[in-house]
2 protein chains.
Amino acid sequence: MATPRFETIKAHIESQINQGDLRPGDRVPSENQLCEQFDVSRMTARRALQALTDDGLLIRTPGLGSFVAEQRPVASMMEVRNIADEVQQRGHRYRAEILHMESCPADEQQAWLLNIKPGTELFHSLIVHYEDDLPLQWEDRLVNPAMAPEYLQQDFSQSTPNAYLSQVAPLTEASHKIEAVLVEEKIASALDIDRMSPCLQISRRTWSAKGVVSLATLIHPGDRYCLGGHVKQ
Amino acid sequence: MATPRFETIKAHIESQINQGDLRPGDRVPSENQLCEQFDVSRMTARRALQALTDDGLLIRTPGLGSFVAEQRPVASMMEVRNIADEVQQRGHRYRAEILHMESCPADEQQAWLLNIKPGTELFHSLIVHYEDDLPLQWEDRLVNPAMAPEYLQQDFSQSTPNAYLSQVAPLTEASHKIEAVLVEEKIASALDIDRMSPCLQISRRTWSAKGVVSLATLIHPGDRYCLGGHVKQ
DNA sequence: TGTCTATGGTTGTATATACAACTAGAATGC
DNA sequence: GCATTCTAGTTGTATATACAACCATAGACA
């Protein structure tokens, strides 16, 4: 039983939604219809629909049926977004300045966080992201070399580490911490702000199926960036 | 079938975890043990355990059993949490100082945000929340009087507006904005911080089934509070 | 015409059962 | 003593079945 049957059914419906064959508001086959279509028991069909509901793709109503959710689930701010896309979606020009990019041995804490042995070489990048000519984000990132061996060879002037890493090691898990901080002089000058202006600091650890991928500290000037989100139910 | 049986079992285990009868790492009764204990079928017991796993309270391993998760899941920051519960869960004493509590006419913008007519009387509260004797949150809240007519009569020295509102108008939707800011002198002194120290400001609009309930601005000293979260898949 | 009552279809809950995959520890054989 | 095999217990998947709660529609009835 390589992939469970309910996963197959789930994937089938999910792809129909993604490809537009099923549009928001459309009715999805009922549990019994799926039973016949895939030759499974009702509990199995049900499990597929339930999983899609948990993911926010479907809305099920007793007596009525299952329908494709009107609003695709809003990217919670927990979702790891790509700042280049964000900037371009706002209609501005994105560019990045790479300050630092090298391999260095992991100290005790870094090793623990990345789940590697202390002293192992890890990758370190330091990048400032710009919206037009205004610095928008300071990105300090440590990368588990086992997960992305080619990391240092990438060109991050146009793409972003985020985009690259999600390609080579699709993330399955992430933890975040969000704080308001003041920053040291080096960062302040890179972001072109006063040392006394408050910044939003996001510390993020990401996992792929095989383990910890990366450790990132993202710092935004408080007056140029905020996090937003909208949740239903 | 008022409350499903699996909900009962889930609640039972959840309370055991919350009360410390079951500690992180502890083993939870197996599916079969729960079957006997609650006189239900295995699928029902299983469903309770599965729900707890989805909530991040348990970790289940084939061949081994189900165990209380080491890390209590951090509420997604999208989730509207009750600061009183948060403080008490950390084992500290919660108290609140009510600075202001009255009804006043809605101006243009407030009316638009609360979806009421300009000039309508709305409720306004200003509360500082303490962890032990340290100010932890400045809460400036506007409430749609149609949703909670008794709002001004409540005693918020022990409970919180949050808790009260979620009782009288269970929320179905919320939108958030999170920023890093500096605060004015009045707020700084109420929070007992320097005017130059960065703060985390959360602006939150909440809906119930019947419409917009409330508009809150929450301000936390940057060095005393942060938002955290962990997402899987 | 309008109201009420079945009826069929849907999801929600629950049971009893079966087999597969995995783990730890005990029993066995060398 | 050591490695291997077996076994009991656990979770994961799947089936077949049953009844309850809910909804929209069609039909009966006034």
Side-chain angles (χ1 to χ4, degrees), chain A residues 1-14 16-17 22 24-70 172-173 209-211 232-233, chain B residues 1-14 16-17 22 24-70 170 172 209 232-233:
Chain A
M1 210 169 295
T3 61
R5 300 228 240 171
F6 74 89
E7 288 280 9
T8 311
I9 302 175
K10 183 189 171 192
H12 181 255
I13 298 175
E14 196 162 2
Q16 279 189 313
I17 294 175
L22 285 170
D26 280 2
R27 184 167 182 178
V28 166
S30 75
E31 297 177 356
N32 284 318
Q33 289 170 332
L34 288 175
C35 291
E36 291 202 359
Q37 189 177 341
F38 290 90
D39 191 32
V40 295
S41 74
R42 190 186 148 208
M43 290 305 276
T44 303
R46 179 178 178 68
R47 187 158 170 191
L49 292 178
Q50 196 57 55
L52 288 165
T53 307
D54 291 342
D55 288 353
L57 288 174
L58 298 184
I59 292 174
R60 316 188 72 200
T61 316
L64 271 179
S66 307
F67 304 86
V68 179
E70 285 298 336
T172 58
E173 209 171 321
K210 286 175 287 182
K232 273 195 176 182
Q233 286 198 14
Chain B
M1 208 169 294
T3 60
R5 300 228 237 171
F6 74 88
E7 287 281 9
T8 311
I9 301 175
K10 183 188 171 194
H12 181 256
I13 298 175
E14 197 163 2
Q16 280 189 314
I17 295 176
L22 286 171
D26 280 2
R27 186 170 183 175
V28 166
S30 76
E31 298 177 355
N32 284 317
Q33 289 170 333
L34 288 175
C35 292
E36 292 202 357
Q37 188 175 342
F38 290 90
D39 191 32
V40 295
S41 75
R42 191 187 146 206
M43 289 305 276
T44 303
R46 181 177 176 68
R47 187 158 172 193
L49 292 178
Q50 196 58 56
L52 288 165
T53 307
D54 291 342
D55 289 352
L57 287 174
L58 298 184
I59 292 175
R60 316 189 72 200
T61 315
L64 269 181
S66 308
F67 304 86
V68 178
E70 285 298 335
T172 58
K232 275 197 176 180
Q233 284 200 14

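The chains referred to below are lettered A, B, ... by the order of the sequence lines, with proteins before strands, and numbering in each begins at 1.
A close approach under 4.0 Å does not occur between any side-chain nitrogen or oxygen of A/T61 and OP1 or OP2 of D/dC23. Between B/T44 and the phosphate of C/dT15, there is a side-chain N or O to OP1/OP2 separation shorter than 4.0 Å. Between A/R46 and C/dG12 there is a side-chain N or O to OP1 or OP2 distance below 4.0 Å. Taking 4.0 angstrom as the limit, A/R60 places a side-chain polar atom (N or O) nearer than this to OP1 or OP2 of C/dG12.
Across the interface with DNA chain D, nearest-nucleotide mapping of A/P62 and A/A45 shows A/A45 to be the residue nearer the 5′ end.
How far CG of B/L22 is from CD1 of B/I17: 6.0 Å, rounded to the nearest 0.5 Å.
The distance from atom CG of A/L58 to atom P of C/dG12 is 11 Å, rounded to the nearest whole Å. Between the CD atom of A/Q50 and the C1' atom of C/dT11 there is a distance of 10 Å, rounded to whole Å. Protein atom CZ of B/F6 is 15 Å distant from nucleotide atom C1' of C/dT15, rounded to whole Å. Distance B/R27 CZ to D/dT11 C1': 11 Å, rounded to the nearest Å. When the P atom of D/dT17 is taken as reference, atom CE of A/M43 falls 14 Å away, rounded to whole Å. Per the geometry, CZ belonging to B/F67 stands 10 Å off P belonging to D/dT10, to the nearest Å. Put simply, CZ on A/R47 is 11 Å from P on D/dT15, counting in whole angstrom units. If you take CG of A/L52 and P of C/dT11, they are 13 Å apart, rounded to a whole angstrom.
For the pair B/Q33 (side chain) and B/S30 (backbone), a donor-acceptor distance under 3.5 Å is present. Here the side chain of B/R47 pairs no donor or acceptor atom with the backbone of B/R5 at under 3.5 angstrom.
The side-chain contact (heavy atoms from CB on, under 4.5 Å) test with A/I13 is passed by exactly one of A/T8, A/L57, A/L34: A/L34.
At a non-hydrogen distance threshold of 4.0 Å, A/D39, A/V40, A/S41, A/R42 from residues 28-42 of chain A come into contact with DNA chain D.
When all heavy atoms are compared, the tightest approach of B/A69 to B/P24 is O-CB, 3.5 Å. Minimum heavy-atom separation, B/E31 to B/A45: O-CB, 3.7 Å. Across all their heavy atoms, B/P29 and B/L49 have their closest contact at O-CD1, 4.2 Å. The heavy-atom pair separating B/K10 from B/D55 by the smallest distance is NZ-OD2, 3.0 Å.
Helix bend of the helix from C/dT1-D/dA30 to C/dC30-D/dG1: the angle between its two end axes, each built from five pairs, comes to 20° after rounding to 10°.
The side-chain heavy atoms of B/Q50 and B/R60, taken from C-beta on, include a pair separated by under 4.5 Å.
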